[in-house]
Amino acid sequence: MSTHVLLVRLAAPLQSWGVASRFTYRDTHARPTKSAVIGLCAAAMGRERTDPVDDLAAMVFGVRADHPGTPVRDYHTVGAGRFPLRPRDVITDHRRAAAVTTSMEAADGPSFGHHELAGWYGAPKKITADPVSGTLVSAELSRSSLITERHYLSDAAFIAGLEHPDRALLEEVAHALEHPKRLLWLGRKSCTPSGTLAAEILPGPIATAFAAKLLLPGPDGPDTTGRRPLAWLQAPPGTRGAARVNDQPVSFDPAHRAHVTRWEMRTRITIAPTATGWDIIP
C-alpha cells in the first residue's frame, strides 16, 4: 500500500518538549515527541482534549533534526518580598483578614497601599475549598518564594514527518496547521512557532521524504555543509536495533491521560542530490 508523508516544520526561538516535567522542574527532550506533535495537530483541528485521537495517533511518526539547537536553562523565582497590603488580600480570604487585623489596627496612617507584611506574597500552595466561604484558598496563610527551573532548546529547527495512506487526512491536518482553530505552541505556551508549519506532502515512507528535502535554513542562512542530519523513525514493535519510547498517545483527556510504548530507530539521513528546497515563510 502506498503512503504519503506530511512534513511539518517545527522552528522557533524557543522550544520545549517535556518528558517528565513537574511544576518546579520542567525538562525538555532533545527533539519533538510524537505525543506533542499529535497534540499540536489535534489542537489546530479544534478538537477537545476529551475527543478521540485514534486517527491521528495511527500515523507513523518521524523527526529530522536539521538544527538541534542550544539547551537553555531558565531560572525563576515567584513571589516573596514585602509589598503594601491591598483590599483584595483580605476580601478574598477571611482567614488572612483575621490574621492581619491586629497589625492593621496598630499601624499609623492608611492601611491599604502603605502597610507592609513579611511572608505575605508568594505562590499559594495546597489549594483547597474554604469550608466557610467555598472559595478556593491556600491552606497556608504565610507564603514564601517558589523556585522553578525550565529548560528549552534555543534556535532549533526540526522536520516532523506524519505518514499515512489517506492523503485526504494529511491534507486536512496540513490545512488546520496553517489555519488553526486554537492557539499553537511548540511544547509550552511561551514557545510560539515561527513561520510555516505545514510544508508539503510527499510520497512515503518517511525516510524517503526526509531524503528528498534540503536542510532547513538555520539562524545563519542555508546550510551548505552537506552534513547528514540525525533522524528518529518509528518502527514496528521488536525491530532489531530499535528503542522503546513512551510517547504514543492514547488519550489527552485530563482525567484519563494515557500513553503507551512505541518503537523507533535512530539513524542519519543522506540528503539526495535531487533534493529540493523549501517554499516556506521562515
Side-chain angles (χ1 to χ4, degrees), residues 1-12 15 17 29-45 53 55-69 153 155-180 184-187 191-218 222-224 227-235 247 249 262 264-282:
M1 179 187 298
S2 62
T3 61
H4 311 277
V5 178
L6 169 62
L7 298 179
V8 181
R9 173 181 172 271
L10 303 172
Q15 307 183 32
W17 309 100
H29 205 348
R31 61 187 185 276
T33 61
K34 181 176 183 179
S35 175
V37 174
I38 295 301
L40 182 79
C41 296
M45 297 170 78
V53 291
D55 55 340
L56 300 179
M59 296 179 180
V60 177
F61 177 75
V63 61
R64 190 182 82 179
D66 286 14
H67 303 280
L153 299 175
D155 293 329
F158 300 93
I159 290 295
L162 297 172
E163 181 182 342
H164 200 275
D166 186 354
R167 184 184 176 94
L169 175 60
L170 296 178
E171 290 175 343
E172 181 184 358
V173 173
H175 181 269
L177 288 171
E178 293 306 308
H179 304 84
L184 305 180
W185 47 81
L186 303 188
C191 303
T192 53
S194 64
T196 302
L197 281 169
E200 59 184 296
I201 298 176
L202 298 176
I206 293 178
T208 302
F210 281 173
K213 299 299 295 184
L214 296 175
L215 296 179
L216 286 169
D223 189 325
T224 58
R227 62 187 177 86
R228 301 169 63 224
L230 277 172
W232 293 263
L233 309 176
Q234 185 169 338
D247 70 348
R262 66 181 180 89
E264 68 176 14
M265 293 285 293
R266 179 178 181 268
T267 185
R268 286 194 178 272
I269 301 295
T270 300
I271 306 300
T274 55
T276 58
W278 298 93
D279 183 16
I280 56 174
I281 300 174

Once you round to the nearest 0.5 Å, how far does [atom1] of [X] lie from [atom2] of [Y]?
X	Y	atom1	atom2	result
T274	L214	OG1	CG	9.5 Å
L216	F158	CG	CZ	10.5 Å
L6	L169	CG	CG	9.5 Å
K213	L7	NZ	CG	7.5 Å
M59	I206	CE	CD1	10.5 Å
L186	S194	CG	OG	7.5 Å

Where is the tightest heavy-atom contact between [X] and [Y], given as atom of each residue plus distance?
X	Y	result
A65	P229	O-CB, 3.6 Å
A211	A275	O-CB, 3.8 Å
P203	A209	O-CB, 4.0 Å
A156	P68	CB-O, 3.6 Å
A11	A157	CB-CB, 4.0 Å
I38	A57	CG2-N, 4.3 Å

For [X], salt bridge (Lys or Arg N to Asp or Glu O under 4.0 Å) partners two or more places apart:
X	value
R266	none
E264	R31, R262
R9	none

4.5 Å side-chain heavy-atom contact, [X] and [Y]:
X	Y	answer
I269	L230	no
L10	V37	yes
R64	L215	yes
V173	H164	no
F61	L162	yes
L177	L40	yes
L153	W17	yes

- Task: Please identify each residue that fulfils side-chain contact (heavy atoms from CB on, under 4.5 Å) with P217, with sequence neighbours left out.
- Result: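 Scan of P217 (side-chain contact (heavy atoms from CB on, under 4.5 Å), adjacent residues dropped) gives W278.
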- Message: List the residues meeting side-chain contact (heavy atoms from CB on, under 4.5 Å) with H4, not counting sequence neighbours, and say none if there are none.
- Response: R167, L170, I201
- Message: Give me each pair satisfying salt bridge (charged side-chain N to carboxylate O under 4.0 Å, His left out) with a member in residues 267-282, each pair once, sequence neighbours excluded.
- Response: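 Residue pairs with at least one partner in residues 267-282: there are none.
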- Can any side-chain N or O of E163 pair as donor or acceptor with the backbone N or O of G204 at less than 3.5 Å? no
- Item | D247 side chain vs T33 backbone, donor-acceptor pair below 3.5 Å | no
